[in-house]
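For reference, the structure is listed below as structure tokens.
Sequence lines set the chain letters: A, B, ... in the order given, protein chains first and strands last, and positions in each chain run from 1. Computed from a predicted model, the values in this text were never measured in an experiment.
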Amino acid sequence: MITGKTISTINHNNDKSFPNNQDSVDQFMIGAKVTQVKRRAKVLLIELSTNYTIMVHLKMTGQLVFVAEATNQTRNTKLEIRNKLERQKSLNEESFEFRVSNLEIPKSEELRFGAGHPNDSLVGSLPDRSTRVTLHFTDETKLYFNDQRRFGWVKLLPTGLVQDEPFMKKVGPEPLEPEFTSDVFTTRIKRRKGTSVKAAILDQTVLAGVGNIYADESLWAAKIHPASIVGSLKNAQLVQLQREIVDVMNLSIEKGGSTNKNYVDAEGKRGSYMEFANVFRREGQPCNRCGSIIEKSRVAGRGTHTCPSCQVAPAI
DNA sequence: CACTTGACCTGTCCGC
DNA sequence: TGCGGACAGGTCAAGT
């Protein structure tokens with residue numbers, strides 16, 4: 001979508017969100033053309049014709065919104081109001097599905113595409129108070145980086161140095177690549193044999209991309225309790241967990257892509273995630289497999305959802 | 001080294 | 001109604 005576009009100007013208002021030296025920005029970002037957009041683990045890589053790369057991490061509340069053509073102020077105000085009514089139902093989503101949605105805004109001249117954590121900024125007028133960085137392109141289109149909590153960042157560095165970033169060096173394999181076999185997974189997770197299986201799969205050095213939602217979902221699917229110590233699990237359980245991780249991630253991408261275009265509709269605002277989540281944020285509701293009531297607890301310092309029947313807690 | 005906990009932020013929700 | 005505190009969660013630094 002932004003490939004081929006040339007950056008004209010940049011606005012940023014927060015050094016944490018945009019930790020870049022002004023000279024580098026002037027020299028290697030302004031006037032640069034986007035040559036390619038890639039992703040590695042939870043990092044988005046926007047490669048530029050200057051041999052520099054813009055790294056973007058959304059962390060928990062970041063989002064990217066691409067806007068073409070003029071903003072229709074009146075229409076956006078209406079959408080904001082409607083959106084607020086639905087806010088109670090809205091859910092955060094795993095940040096790096098990077099689901100790209102074509103927002104249907106009838107009678108509007110505006111074209112928007114959003115990716116990341118859904119919130120009002122996707123439909124409200126931009127920039128808003130969560131906007132940290134705005135990239136303006138020479139064709140008058142814009143890319144907004146919004147991030148309520150300022151955990152995410154937009155970092156410029158020479159393309160050749162991306163692979164030397166500490167995180168890029170240590171991050172594990174991509175779960176949806178063919179190289180991610182059960183052998184690779186079991187070998188890598190056993191490096192964390194003394195810790196809980198949930199902590200192990202959340203560890204980005206074991207594999208890339210599993211966050212709190214996918215961790216709970218895949219462990220439920222594999223019928224493994226999140227607090228189970230890795231070393232206590234049978235090989236067959238780890239093999240099945242590997243399969244479930246892949247399935248959950250594939251399913252989330254599929255679901256996100258299929259329903260998210262109705263995003264701004266009242267129904268769509270719920271987020272497609274709820275349609276496939278079996279345990280996440282379903283505490284108090286019946287397990288889809290056995291009917292037992294889903295419980296919420298804390299494992300690995302995270303809110304954790306389990307079925308007390310399907311996922312037997314380990315003896316302490 | 002393996003592992004756990006707290007910090008980073010800001011908005012929301014819950015209980016008093 | 002206001003207010004303090006818990007919570008949300010990806011990653012890293014500091015601690016055990």
message: Quick check: on DNA chain B, is the nucleotide nearest A:R129 upstream (toward 5') of the one nearest A:T195, or the reverse? Name the residue that is more 5'.
response: A:T195
Kindly point out which of [options] is positioned nearest to the side chain of [X]?
X      : options              : answer
A:R192 : B:dT4, C:dG10, C:dC7 : B:dT4
A:K16  : C:dT11, B:dC9, C:dA8 : B:dC9
A:Q204 : B:dC9, C:dT11, C:dC7 : C:dT11
A:K296 : B:dC8, C:dC7, C:dT11 : C:dC7

Separation of [N] [atom2] from [X] [atom1] (nearest whole Å):
X      : N      : atom1 : atom2 : answer
A:R302 : B:dA7  : CZ    : P     : 14 Å
A:M60  : B:dA7  : CE    : P     : 15 Å
A:K170 : C:dT11 : NZ    : P     : 9 Å
A:R298 : C:dA6  : CZ    : C1'   : 9 Å
A:W153 : C:dC12 : CH2   : C1'   : 12 Å
A:R281 : C:dA8  : CZ    : P     : 8 Å
A:Q148 : B:dC13 : CD    : P     : 11 Å
A:D147 : B:dC8  : CG    : C1'   : 12 Å

Donor on one side chain, acceptor on other, [X] and [Y], under 3.5 Å:
X     : Y      : answer
A:D26 : A:Q22  : yes
A:N11 : A:H136 : yes
A:N51 : A:T159 : no

- prompt: Judged by atom type as modelled, is there a donor-acceptor pair below 3.5 Å linking the side chain of A:N20 to the main-chain atoms of A:V154?
  reply: yes
query: Got a donor-acceptor contact below 3.5 angstrom from the A:Q204 side chain to the A:G209 backbone?
result: yes
Basic-acidic side-chain contact under 4.0 Å: A:K198, A:D216: yes
message: Between A:D147 and A:K59 (salt bridge meaning N to carboxylate O under 4.0 Å), is one present in this structure?
response: no
For [X], answer base if it contacts any base atom (sugar-phosphate contacts may also be present), sugar-phosphate if it contacts only those atoms, and nothing otherwise; contact means non-hydrogen atoms under 4.0 Å.
X      : value
A:R132 : nothing
A:R150 : sugar-phosphate
A:G194 : sugar-phosphate

- line: Its dot-bracket string being built from Watson-Crick and G-U pairs below 3.5 Å, with | for another strand and [ ] for crossing, DNA chain B has the pattern .|||||||.|||||||
- prompt: So do the side chains of A:H225 and A:L219 get within less than 4.5 Å of each other, counting heavy atoms only?
  reply: no
Any A:L161 side-chain heavy atom under 4.5 Å of A:T53 side chain: no
- prompt: For A:H57 and C:dG10, is the shortest distance between a side-chain N/O and OP1 or OP2 below 4.0 Å?
  reply: no
statement: Judged by nearest nucleotide, the residue sitting upstream toward the 5' end of DNA chain C, A:F151 or A:F167, is A:F151
message: If you count heavy atoms of other groups shown closer than 6.0 angstrom to NZ of A:K223, is the number above 12?
response: no
message: Using the P atom as the point on both nucleotides, what is the distance between B:dC9 and C:dC3, in whole Å?
response: 24 Å
- request: Could you identify which residues of residues 218-234 of chain A place a heavy atom less than 4.0 Å from some atom of DNA chain C, listed by residue number, or say none?
  value: none
